[in-house]
Structures are given as C-alpha cells and as structure tokens.
Chemist: 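Here's a structure for you.
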Amino acid sequence: MITIEEKNEAQRRAAELIVRSGFVLAKGEVEKIEVADFGLSRLSIEGAQILTLVQTDRIGAKIIVMLPGQTLPEHRHPQIGTSPGKEEVVRVLWGSLFFYVVGTDTMVAGHVPDGKDAVYTLRHEIVMMPGDQIHCRPDEKHWFQAGSGGAVAFSFSSTVHDTLDVFTDPQVRRVTVMDDSSEGGKLPENSKERRQ
Ligand code: ZN
C-alpha cells in the first residue's frame, strides 16, 4: 500500500530521471506513470515506476524507472493457455541497472533486499549501463535493481499479462493499493469504489 503523497513523489522523481535520460515525455504522461509497490509497502526498497507507451494484445513498450537502489522483485512470465510467456527486451537508457538471471553467483554491485534471501534466488549479476540490453526468454526468472543514481530503461515485449506474472515472493501483489487515509481520513467500507 502506498499513500497519495508517496505516489506523487515517486512520479515526480521518475519524470525527473526520464527527462535526464533524454527521452521526451508527451503532455500528460507524467500522470500516467504507474507507481508499483508490489503490495510490499516499502516503495523505496522494492518497487518500480512504469510508463506504458503502448500495450496491445500482441506487443508492449514501456519505460521502467528505478529510483536509486530500488529493486523490482524476482519474477517470471509464464505461459498463458496456448500463448508462450512474455518475451522481454530491457535496454538501459540512463543510469545503471544490476540485472539478475539464472547462472553462477557473480553478485558484487547489487544486493538482495534485507531479509529477502529466500525470495531472491538468482545471483548471476549483469551490470547494465546505457546502451546495454538484455533479452529475457519466456518463463525465464529475473529481477533487477538500480544503482545509486537510479536507472531508466526501455522494456519491449510481447503480450503483457502483468497480473499473471509469477513472483518468487508470495507476499507480492501486482496491483498497487492506494492508502486513502492521508486524504482526509479513512474511507468507510461502503465507498470502496473510490479506491484504485
Ligand atoms: Zn519481467
């Protein structure tokens, strides 16, 4: 759960990094940046800011902004019915990104978020700088973390089914819940429709 203030602040910081990357935002896109805390309620440690540029039933293109040291939890994109899992290319535009895939332990630059050893199983580190890109095949587990200055990356992919991604951490919830209590007190039970 995140507060409106946390969301606004994360959007503002993400937009700042996107501008720094040289990518030009269109009017109204700052407000479209999704702030995801993965249901873990510690956005600055585990989370991501995602601007969807296009999403159809066949392709997806996004800008992923990782704030300094922020980690996107380990997950894979499984097969859905007869369609193979999402295939994804991540290309770093700005900053540094530590990317983890299956392989021997080469972790030096990044770190597993405190207390999360059991749910970050991959330790094969690829340090990505602007111009570097990586291709994740369907169903291949991965996670990543920004360096100390943050990172801005493109994500190009086949069909997106974000809510069906499989996270190693059973506590992860892909849909971000907003805490409305900071905006004039908790809403009564019967006004849930205002939440989202
Ligand atoms: Zn992924």
Side-chain angles (χ1 to χ4, degrees), residues 10 14 17-18 21 23 32-40 42-67 69-81 83-103 106-107 109-113 116 118-147 150-176:
L17 294 186
I18 292 174
S21 79
F23 183 84
K32 288 188 188 154
I33 298 173
E34 180 203 353
V35 177
D37 78 337
F38 299 93
L40 301 171
R42 49 181 204 161
L43 183 66
S44 63
I45 300 169
E46 292 176 288
Q49 294 61 230
I50 301 162
L51 174 62
T52 298
L53 303 175
V54 63
Q55 184 163 313
T56 71
D57 56 4
R58 299 187 67 201
I59 59 163
K62 301 169 174 185
I63 301 256
I64 301 179
V65 183
M66 302 297 289
L67 300 176
Q70 200 178 31
T71 304
L72 193 145
E74 183 177 287
H75 66 281
R76 60 189 173 85
H77 309 286
Q79 181 170 344
I80 308 294
S83 99
K86 182 172 93 167
E87 194 168 342
E88 181 177 26
V89 170
V90 175
R91 183 181 177 109
V92 174
L93 266 169
W94 184 90
S96 56
L97 193 67
F98 311 139
F99 207 99
Y100 299 91
V101 294
V102 173
T106 56
M107 187 181 247
H111 63 276
V112 170
K116 290 293 184 88
V119 290
Y120 285 82
T121 63
L122 307 172
R123 302 281 191 282
H124 189 75
E125 181 179 84
I126 298 162
V127 174
M128 297 177 71
M129 302 301 283
D132 290 339
Q133 71 178 41
I134 194 163
H135 192 156
C136 292
R137 310 284 163 185
D139 216 26
E140 263 178 16
K141 256 189 210 172
H142 51 281
W143 64 276
F144 46 91
Q145 182 172 70
V152 179
F154 277 124
S155 161
F156 304 110
S157 71
S158 55
T159 321
V160 174
H161 299 284
D162 281 348
T163 53
L164 300 175
D165 289 346
V166 177
F167 286 83
T168 309
D169 185 346
Q171 289 182 314
V172 164
R173 298 287 174 271
R174 186 57 190 85
V175 178
T176 302

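Note that ligands are numbered from 1 as they come in the structure, with each ligand's atoms numbered from 1 the same way.
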Chemist: Could I get the full list of side chain to side chain contact (heavy atoms under 4.5 Å, CB included) partners for Ile45, not counting sequence neighbours?
Modeler: Arg42, Pro113
Chemist: Of Val175, Leu72, Thr71, which is the lone residue that meets side chain to side chain contact (heavy atoms under 4.5 Å, CB included) with Phe38?
Modeler: Leu72
Chemist: What residues form a side chain to side chain contact (heavy atoms under 4.5 Å, CB included) with Arg137, not counting sequence neighbours?
Modeler: Glu87, His135, Glu140
Chemist: What count do you get for protein N, O or S atoms closer to the Zn ion (ligand 1) than 2.8 Å?
Modeler: 4
Chemist: Under the 3.5 angstrom rule, does the side chain of Ser155 hit a backbone N or O of Glu88 as a donor-acceptor pair?
Modeler: no
Chemist: In terms of relative ring orientation, are His77 and His75 parallel, tilted or perpendicular, with 30° and 60° separating the classes?
Modeler: perpendicular
Chemist: Which atom pairs, one a donor and one an acceptor, fall under 3.5 Å between side chains of residues 95-103 and the rest of the protein, sequence neighbours left out?
Modeler:
| from | atom 1 | to | atom 2 | distance (Å) |
| --- | --- | --- | --- | --- |
| Tyr100 | OH | Gly110 | N | 3.4 |
| Tyr100 | OH | Glu125 | OE2 | 2.6 |

